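For reference, the structure discussed in these notes is given below.
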Number of protein chains: 2
Amino acid sequence: MATGRTHRPATRSRGIPEATVARLPLYLRALTALSERSVPTVSSEELAAAAGVNSAKLRKDFSYLGSYGTRGVGYDVEYLVYQISRELGLTQDWPVVIVGIGNLGAALANYGGFASRGFRVAALIDADPEMAGKQVAGITVQHSDDMERIISENGVSIGVITTPPGVAQQVCERLVAAGVTSILNFAPTVLSVPDGVDVRKVDLSIELQILAFHEQRKAGEEAALTDGPRPVAATRKQSADKGPDGDVPAVMPA
Amino acid sequence: MATGRTHRPATRSRGIPEATVARLPLYLRALTALSERSVPTVSSEELAAAAGVNSAKLRKDFSYLGSYGTRGVGYDVEYLVYQISRELGLTQDWPVVIVGIGNLGAALANYGGFASRGFRVAALIDADPEMAGKQVAGITVQHSDDMERIISENGVSIGVITTPPGVAQQVCERLVAAGVTSILNFAPTVLSVPDGVDVRKVDLSIELQILAFHEQRKAGEEAALTDGPRPVAATRKQSADKGPDGDVPAVMPA
DNA sequence: ATGTCTTTGTGAACGCGTGCACAAAGATAG
DNA sequence: CTATCTTTGTGCACGCGTTCACAAAGACAT
């Protein structure tokens, strides 16, 4: 999970556990798909399969929201869509600013999954004067000098940081000072924020590194069955690899 | 966290807990920064602050790797960089394919954080014949007809899916059949994979929805104190703790 | 060598999340 | 109305992860 809080004293979510909150969007997505197919009701078993979770977990999650099911029948799809949307706060409009319009920022601006969930890209902001005035995803990029005004005028409380890591903390501070209280950080940096501000981080290279760990472990276990006892440098199965690769002993300090 | 396994019986990671593995890249990033500043040693307290975690947690994490510290002094930066890199499998080269070269796929191809961590974009693949042959991030996009050959020839075991959701499962199956055993999924779909294949998912809109939940909660608590109802569409329940839900019957089912 | 100081490594307690298993609740048929 | 069947909602136990707190270990000064 890309949970990126800097300082979480405890889950003060007044009842709903954090792990449950993180799954609600998953359920919502599955339910929306069912709704579009005009499926009236769904059992916990079916919905759990569609969302890729355990059915007992799903039922327990829903129990935190209230008793919205009917025993012997299941859950009313439309009703549940509404309840979850309301719980997540998606029945209202959330203006969002994206700061740092590089490749990733532009991709996010073009991403369709936001608008369909109640999120509206209120502004694109970049520090490069060359970028200001350009159109990205049909929105005019504005210069970061106007950040405070933009946030204030649009009532923005959620900011997305897609800047280079070097300026992320600085941008973060300006966002917070201007009134932003939730930040989605794509920059590979640890942001420090005052209490009351939520930060979630998405780090693309971290996800790959976690995959690499398991991949290496798989390769190591595989090799352990054939010959060597220890995963020394983890022999890759296909050696069609170009490049020197290999065991780079590096500098072993004292 | 963005743990995206479909069925995880238990992490048999031979000792190292999954939560620790997920933090190793974080430590590595902080250590790399220290290394570049030629800092010779670092205490658990300092490093923990730089990585944004508790120092006791960091020490326990490192204890799973072995005793690499010196009491009274701290950890040798260079040595720890090497040990963590080795543990994560970053001392070897990981060829990666990106399938689906839209805005996001192109952004990832351009992302610098991969190459610097031992990941090499071996190929960009797209189903659109118009895309084939075009250059993205200095790499020629290839058609998905050649997917199996590309994976086989390059010994690719990690695939990144940035396709539209409708074709993600199908692409996933082709990747797995061709030999890929780790998948990073950006498509908003639940992928089902056979045992032995790892899937991690990154869903941008889910992260925003989680932020929206907390944002709404903050607004609700604030409103309960000042009376100024900021949220318009959503009537937040206040004071009455739990109770019979916040009315709003909507389409109450039978 | 001895004592003091710093920092690691870890035993133990605690809390959260998960999943089983089942009773309660409602639908449905006779 | 009674019986049966389906599916929810949840009490409970278990395991993982987090954190505290402290003994052990080494550095360093005298």
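Quick note on labels: first sequence line is chain A, next is B, and so on, each numbered from 1. Keep in mind that what you see is a predicted model, and the values were worked out from it rather than measured.
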Next item on the list: Verify side chain to side chain donor-acceptor pair (under 3.5 Å) between B:R86 and B:T91, making sure each step is shown before the conclusion.
Entry: CA-CA 6 Å; B:R86 189 176 59 87; B:T91 52; over 6 Å; no
Notebook entry, point to check: Between A:D61 (CG) and C:dG19 (P), how many Å, whole number?
Noted result: 11 Å
Note to self: Without decimals, in angstroms, what is the distance between B:L47 CG and C:dT6 P?
What the structure shows: 20 Å
Notebook entry, point to check: Among the nucleotides D:dT7, D:dC20, C:dA12, which one has an atom lying closest to any side-chain atom of B:K60?
Noted result: C:dA12
Next item on the list: Send over the distance from B:E45 CD to D:dA21 C1', rounded to a whole Å.
Entry: 14 Å
Notebook entry, point to check: Which nucleotide in the set C:dT18, D:dG17, C:dA21 lies at the smallest distance from any side-chain heavy atom of B:E18?
Noted result: D:dG17
Next item on the list: Figure out the OH/P separation between A:Y27 and D:dT8, and round it to whole Å.
Entry: 13 Å
Next item on the list: Rounded off to whole Å, could you give me the CG-to-P distance for the A:N54 and C:dG19 pair?
Entry: 5 Å
Next item on the list: Go through C:dT18, D:dG17, D:dT19 for me and flag the one nearest to the B:P17 side chain.
Entry: D:dG17
Checklist line | Whichever of A:A56 and B:T70 has its nearest DNA chain C nucleotide further upstream toward 5' | finding: B:T70
Item checked: Residue mapping more 5' on DNA chain C - nearest nucleotide basis, A:V73 or A:T20 -> A:T20
Item checked: Side chain B:R71 and base C:dT7 donor-acceptor under 3.5 Å -> no
Next item on the list: Take the protein atom CD of A:E46 and the nucleotide atom P of D:dT8, then report the distance between them rounded to whole Å.
Entry: 9 Å
Check: Looking only at side-chain N and O atoms, does A:R59 come under 4.0 Å of OP1 or OP2 in C:dA24?
Finding: no
Checklist line | Per B:S44 side chain, nearest of listed nucleotides D:dA27, C:dT8, C:dT10 | finding: C:dT8
Checklist line | Heavy-atom side-chain proximity of B:H214 to A:E18 below 4.5 angstrom | finding: yes
Check: What's the OH-P distance between A:Y64 and C:dG17, to the nearest Å?
Finding: 8 Å
Next item on the list: Taking the side chain as every heavy atom from C-beta outward, state whether B:V99 and B:T162 have any atom pair closer than 4.5 Å.
Entry: no
Note to self: Could you tell me how far apart A:Y75 (OH) and C:dG26 (P) are, to the nearest whole angstrom?
What the structure shows: 14 Å
Notebook entry, point to check: Under 3.5 Å, side chain of A:Q209 to main-chain N/O of A:S205, donor-acceptor pair present?
Noted result: yes
Checklist line | Test item: B:Q83 and B:L65 side chains (from C-beta on) under 4.5 Å apart, heavy atoms | finding: no
Check: Which one, D:dT8, D:dA24, D:dT18, comes nearest to the side chain of A:S43?
Finding: D:dT8
